[in-house]
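First up is the structure itself, then whatever we jot down about it.
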Amino acid sequence: MKEYDHKKIEKKWQNFWDKNGTFTAKNTSKKPKYFNLIEFPYPSGAGMHVGHIRSNTAMDIISRKRRMEGYNVLYPIGWDAFGLPTENYAIKTGIHPIKVTKQNTDTFRRQLKALGFSFDWSREINTTDPKYYKWTQWIFLQLFKKGLAYKTKTEINWCPSCKIGLANEEVVAGKCERCGGPTEKREKEQWMLAITKYAERLDKDLDTVDYLEKIKIQQRNWIGKSEGAEIDFKMFSARQDLAEEVKVFTTRPDTIFGATYLVLAPDHNLVQELRSKISNWAEVEKYISLVKTKDDIERTGENKEKTGVELKGVHAINPANKKEIPVWIADYVLASYGTGSIMAVPADDTRDREFAEKFNLPIISEYKKAGFTDFGKKVTKFKLRDWVFSRQRYWGEPIPLIHCDTCGFVPVPEKDLPVILPKVVKYKPTDNGESPLADIKSWVNVKCPKCKGNAKRETDTMPNWAGSSWYFLRYTDPKNNKELASKKVLKYWMSSKSGGVDWYNGGMEHTTLHLLYSRFWHKFLYDIGVVPTSEPYMKRTSHGMILAAQGEKMSKSKGNVVNPDDLVKTYGADTLRLYEMFMGPFDQSVSWNSDSMIGPRRFLEKVWRVGMKALTRADKNSTASLQKILHKTIKKVTEDIEGMHFNTAISSMMILVTEMENEEAISIDDFKKFLKILSPFAPHVIEELWSICKEKKSISYSVWPLWDSNLIKDDEIKIVIQVNGKVRSEMMILPTLNEESIKGQALKDENVIKHLGGQDPKRVIYVKGRLVNIVV
RNA sequence: GCCCGGAUGGCGGAAUUGGUAUACGCGCACGACUUAAAAUCGUGUCUCGUAAGGGAUGUGGGUUCGACUCCCACUCCGGGCACCA
């Protein structure tokens, strides 16, 4: 009898799959296609996180099951390798990000291969590869040509001591993460993408896709569609009439009779325009600069107290009742949403009420009695803002534009793509906040493609959302250098009956931005005829985070990171995969506990023993009770995988295996059926047992077993008997027995008679196949 | 402050979606095998009670014959955030 030696077995089958191209997807096939997707990892220096394994194993199980169900499965992998951590590492060490990326992807590749994921490695992609980002740049140019990319001033976080623009992530409670000094806001010209032009479709088309409901809610909340009205309020000053009007947006135009004051955002344009009419300008100006120093957390967090200043000397007229009302500025109104101004209805809105109470502004409680006629014009507003698309950073795709004083911004001709990221000496942004690329004169200075005059390259780079907004498309045709992917191949993988990526799983943290950005790009590509569907992903699910033992996030600084390499060595990849699927419900966060890995390991050892027993004994038939439980388990595992209830699927297989070990007879055929349903979870050890069963081909393309519903049927069912909702007895009945007989039999039960204590039942409730409840 | 999740034995969790609460796994205790240990197997393991019974699914209410599941109010934990008019 052979021993279960995970090291030998795992190595053997990983080599076998590699050599035979077992998981290489074909671009043409008679089989129906199935495109499974995980979020491609960012290859961080820390190596693979156990959280990656959770998502990858889940989608691997689904991919392997689909192959056995007769699909041509594409389960690809790549690297989302541009981004801050690698760049910051380069700034610190001076090692080129290309080199760092290579090291990190090598580590990740080795780790992923050691877990036996059925990726099609021949399609591996890397967002930092010029052959890849050529097409990221190409998509940007199409957006630019359609007027969806534009430049405007926005606020960025600036660290005055590091002289560097900071990402939100690098500002911790108003302090620079690098030096600890205070940060400030600075105006900067940035490239923007007009995602708001797609807001309506991004909202509406959610009806056409199969996302988890909570994910749809997140998307909808982020897009934030609301119907309301824009109403003009006439303004006048004490000294002279004003031609000015303030446009306010409200979702409740019917409350207009209760509007007792207006509030403008402190940075509303009109405030500056009214300067000469405002009698307390000094006070107003002071307030505006105070608001500028606050960051969003301060404005929203501890500082719940409402603040604001009245614009003295100006008033507005409520168009509904012609009353004169005061105008205030306050930081609870944001310039970036709606019209940047509101009509305050303190009787209806809590924020307005708090504000009114603090500043003694009138509250009209009977506003609803006044007859309402429509004011203003109906409009639809979205919370969604345009996407700030440029970064003054090194490690990103160069924005392929050239600025010419005569012609303005001119696209780099498509034949000159990609615009290669040049080598620099220093990766740190320049002191004036420009990208390090701005210092390379030989790269920056070029001729204008249009007028051939002197011109300069755009030195900003793209955010790392760019490469991840379309990567799944590249998997279909990763080596194409004429198009981002050929139409024919895209049509095959992206538009069969189901359309798009069939199943996409990823973290909840990406269900707003990444998901929205990639849907936006996809819709744009659809509009210009590049892709065949208007939605990229047909189905989207998400997994819960894996936390450290005490329920904290795993992090280097806390020293609680679990290294998968050690676990693979000790327990084996199959055990690790099984443990991660067994540890808790897939969509919820769970705490890691390496001690619990022994359970799945023992299970696999038991599977091995049962296999050896089945082989030596060579029983013709399994016992009837074993057949029954086997078919019940096939049904449960088949259904649980589809619902991502991997933990209960494994638990049912554990019960089955215990049963197999105890039963006298197991036929080889039945044992093989069991191997098939376990194979997606623990592929290495199962391939080994499959081959020991004298099977010549990989189990990966065997046929997924069906359950026989006749074998599952129960001859007798258990009925629980309750008295007043409390369990008092139970009985076995034939499933064919009618309701009256069941109730009659229940009433004759001796425990029931005891608990009735001679009282007559008021009601007898029968729940089919479950219980009888006798109420007295 | 807002949004989305979550809370069940010593621990991770299960519960046919309103119908036997605690499946499966870990841990622990005892037993078998062994010179012994490991491994494996078996038995037990929410709580109070000798028992009959009673009480438990974060807290307090409600609906129902019946609530872990539905409704209302709250507490704590995790994630996200742009005070969204």
Side-chain angles (χ1 to χ4, degrees), chain A residues 168 213-215 217-218 220-222 224 226 228 248-252 255 263 265 296-297 299-304 306 330-334 336-345 348-352 354-355 381-385 507-513 542 544-545 547 549 551-553 578-579 582-585 587-600 602-603 605-606 609 636 645 647-655 658 661-662 718-730 754 761-776:
Chain A
N168 281 339
E213 199 49 39
K214 63 179 174 185
I215 296 174
I217 292 170
Q218 295 269 39
R220 286 221 161 86
N221 286 351
W222 194 264
S226 66
V248 305
F249 173 69
T250 176
T251 53
R252 296 290 307 279
T255 63
V263 187
D296 294 339
I297 295 156
R299 277 170 72 163
T300 61
E302 316 101 79
N303 191 10
K304 289 172 215 157
K306 291 277 177 291
D331 65 357
Y332 82 95
V333 173
L334 302 179
S336 57
Y337 181 71
T339 57
S341 49
I342 60 155
M343 60 176 207
V345 185
D348 187 66
D349 183 281
T350 29
R351 282 185 319 254
D352 294 344
E354 279 171 28
F355 192 82
K381 289 278 173 179
F382 293 94
K383 290 180 200 171
L384 187 66
R385 295 181 200 163
M508 227 20 221
E509 71 273 21
H510 290 128
T511 51
T512 46
L513 295 177
S542 78
M545 210 185 279
L547 304 167
E552 308 168 301
K553 243 183 170 169
L578 216 44
Y579 169 63
F582 183 62
M583 66 193 296
D587 60 345
Q588 278 167 41
S589 50
V590 261
S591 296
W592 187 268
N593 180 8
S594 294
D595 292 343
S596 291
M597 281 185 63
I598 193 69
R602 283 177 189 154
F603 167 66
E605 283 168 2
K606 199 186 273 190
R609 284 202 306 272
K636 175 136 185 80
H645 306 301
N647 52 338
T648 49
I650 292 167
S651 133
S652 71
M653 287 189 282
M654 285 171 164
I655 295 168
T658 302
E661 196 169 44
N662 297 339
K718 189 163 77 176
I719 297 290
V720 166
I721 310 171
Q722 300 182 328
V723 177
N724 285 335
K726 282 201 168 30
V727 180
R728 296 302 179 190
S729 189
E730 59 185 45
K754 194 174 119 198
K762 238 198 306 198
R763 259 177 91 181
V764 181
I765 294 149
Y766 173 61
V767 182
K768 195 161 186 283
R770 302 236 171 265
L771 57 72
V772 176
N773 187 14
I774 300 157
V775 187
V776 289

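The sequence lines fix the lettering, A, B, ..., with proteins before strands; numbering per chain opens at 1. Just so we're clear, the structure is a prediction, and the values are computed from it rather than from any experiment. These numbers come from the heavy atoms of this one structure, side chains and all, not from hydrogens, waters or symmetry mates.
Heavy-atom nearest nucleotides on RNA chain B were determined for Asn662(A) and for Asp595(A), and the one closer to the 5' end corresponds to Asp595(A). Each of Met597(A) and Gly725(A) lies near RNA chain B, and the nucleotide nearest Met597(A) is the one positioned closer to the 5' end.
Atom CZ of residue Arg385(A) and atom CH2 of residue Trp222(A) lie 8.5 Å apart, to the nearest 0.5 angstrom.
Which of rC41(B), rA82(B), rA15(B) sits closest to the side chain of Thr648(A) comes down to rA15(B). Candidate nucleotides rC65(B), rG19(B), rC26(B) were compared by shortest atom distance to the side chain of Ile598(A), and rC26(B) ranks first. When the nucleotides rU20(B), rU40(B), rC83(B) are ranked by their closest atom to the side chain of Tyr332(A), rC83(B) comes out on top. Between rG5(B), rG25(B), rC41(B), one nucleotide has an atom nearer to the side chain of Glu661(A) than all others, and that is rC41(B). Comparing rA82(B), rC4(B), rC24(B) by their nearest atom to the side chain of Leu334(A) picks out rA82(B). Here the nucleotide nearest the side chain of Val333(A), chosen from rA85(B), rU20(B), rG66(B), is rA85(B). In this structure, of rG5(B), rA85(B), rC65(B), it is rC65(B) that holds the atom nearest to the side chain of Ile765(A). Looking at the side chain of Gln588(A), the nearest of the listed nucleotides rG66(B), rG6(B), rA23(B) is rG6(B). The listed nucleotides are rC24(B), rC4(B), rU20(B); the one nearest the side chain of Gln218(A) is rC4(B).
Glycosidic conformation, rU17(B): syn, with the torsion inside 90° of 0. Under the 90° criterion around 0 for the glycosidic angle, rG58(B) counts as anti.
With a cut-off of 3.5 Å on both Watson-Crick or G-U wobble distances, the partner of rC74(B) is given as rG58(B). For rC2(B), the paired nucleotide is rG80(B), the pair qualifying as Watson-Crick or G-U wobble because both relevant distances are below 3.5 Å. When both pairing distances are held under 3.5 Å, rU50(B) makes no Watson-Crick or G-U pair with any nucleotide shown. Base-pair partner of rA67(B): not found among the strands shown (Watson-Crick or G-U wobble, both distances under 3.5 Å). Pairing for rC41(B) is with rG31(B), a Watson-Crick or G-U wobble pair whose two hydrogen-bonding atom distances lie under 3.5 Å.
Nearest heavy atoms, Ile774(A) versus Pro761(A): CG2-CB, 3.7 Å. Annotation for Ile342(A) and Val248(A): closest pair C-CG1, 3.7 Å, computed over non-hydrogen atoms. Contact record, Asn647(A) with Pro585(A): ND2-N, 3.6 Å, taken as the closest heavy-atom pair. Considering every non-hydrogen atom in both Ile719(A) and Gly769(A), the closest pair reads CD1-C, 3.6 Å. Between Asp587(A) and Lys214(A), the shortest heavy-atom distance links the atoms O-NZ, 4.0 Å. Nearest heavy atom pair, residue Ser542(A) against residue Gly507(A), reads CB-C, 4.3 Å.
With a 4.5 Å cut-off on side-chain heavy atoms, Lys762(A) and Val776(A) do not count as touching. Between Lys606(A) and Met654(A), every side-chain heavy-atom pair lies at or beyond the 4.5 Å cut-off. Contact annotation: the side chain of Asp352(A) never approaches that of Met343(A) to less than 4.5 Å [non-hydrogen atoms, C-beta and beyond]. Side-chain atoms of Leu771(A) and Ile721(A), non-hydrogen and from C-beta on, never get closer than 4.5 Å to each other. Side-chain contact between Phe582(A) and Ser596(A) is absent, with no heavy atoms from C-beta onward closer than 4.5 Å.
At a threshold of 4.0 angstrom between heavy atoms, the contacts of Val720(A) include nucleobase atoms, whether or not backbone atoms are also involved. In this structure, Ile217(A) reaches the sugar-phosphate backbone alone: every heavy-atom distance under 4.0 Å involves primed, P, OP1 or OP2 atoms, never a base. Using a 4.0 Å heavy-atom cutoff across all strands shown, Lys606(A) reaches sugar-phosphate atoms only and no base atom. Residue contacts for Val767(A): at a heavy-atom cut-off of 4.0 Å it reaches a base atom on one of the strands shown.
Taking atom C1' on both nucleotides, rC46(B) is separated from rA15(B) by 16 Å, rounded to a whole Å. If you take atom P in rG54(B) and the same atom in rG6(B), they sit 33 Å apart, rounded to whole Å. For the P atoms, the distance from rG10(B) to rA85(B) is 45 Å, rounded to whole Å. Annotation: rA7(B) and rG58(B) have their C1' atoms spaced 6 Å apart (nearest Å). To the nearest whole angstrom, the two P atoms, one in rA56(B) and one in rG9(B), are 14 Å apart. rG25(B) and rC72(B) have their C1' atoms separated by 37 Å, with the value rounded to a whole Å. Atom C1' of rA67(B) sits at a distance of 11 Å from the matching atom of rG62(B), rounded to the whole Å. rC84(B) and rC3(B): their P atoms are spaced 9 Å apart (whole Å).
Distance CG (Asp587(A)) to P (rG13(B)): 12 Å, rounded to an integer number of Å. Residue Ile721(A) contributes atom CD1, which lies 14 Å from atom P of rU20(B) at whole-angstrom precision. Taking atom CE of Met545(A) as the reference point, atom C1' of rG6(B) lies 13 Å away to the nearest angstrom. Going from atom CD1 of Ile215(A) over to atom P of rG5(B) covers 11 Å, rounded to whole Å. One atom, CG of Asn221(A), and another, C1' of rC81(B), lie 11 Å apart when rounded to the nearest Å. In this structure, the NZ atom of Lys383(A) is 7 Å from the P atom of rC84(B), given to the nearest Å. Rounded to whole angstrom, the span from the CG atom of Leu578(A) across to the P atom of rC26(B) amounts to 12 Å. In this structure, Trp592(A) places its CH2 atom 14 Å from C1' of rC26(B), rounding to the nearest Å.
The side chain to side chain donor-acceptor pair (under 3.5 Å) search around Ser591(A) returns none, not counting sequence neighbours.
For the pair Arg609(A) and rC41(B), the criterion of a side-chain N or O lying under 4.0 Å from OP1 or OP2 is met. The shortest distance between the side-chain N/O atoms of Arg602(A) and the OP1/OP2 oxygens of rU40(B) is below 4.0 Å. In this model, the phosphate group of rA14(B) is approached by a side-chain N or O of Asn647(A) to a distance below 4.0 Å at OP1 or OP2.
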Are there any protein N/O atoms within less than 3.5 Å of an N/O atom in nucleotides 9-12 of chain B, and if so, which ones and at what distance?
residue, atom, partner, partner atom, Å
rG12(B), O2', Met583(A), O, 2.5

Produce a footprint string for nucleotides 43-56 of chain B: one letter per nucleotide, 5' end first; B if the base is under 4.0 Å from any protein heavy atom, S if only the sugar-phosphate is, - if neither.
----------SSS-

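Under 3.5 Å, the side chains of Tyr579(A) and Asn593(A) contain no donor-acceptor pair of N or O atoms.
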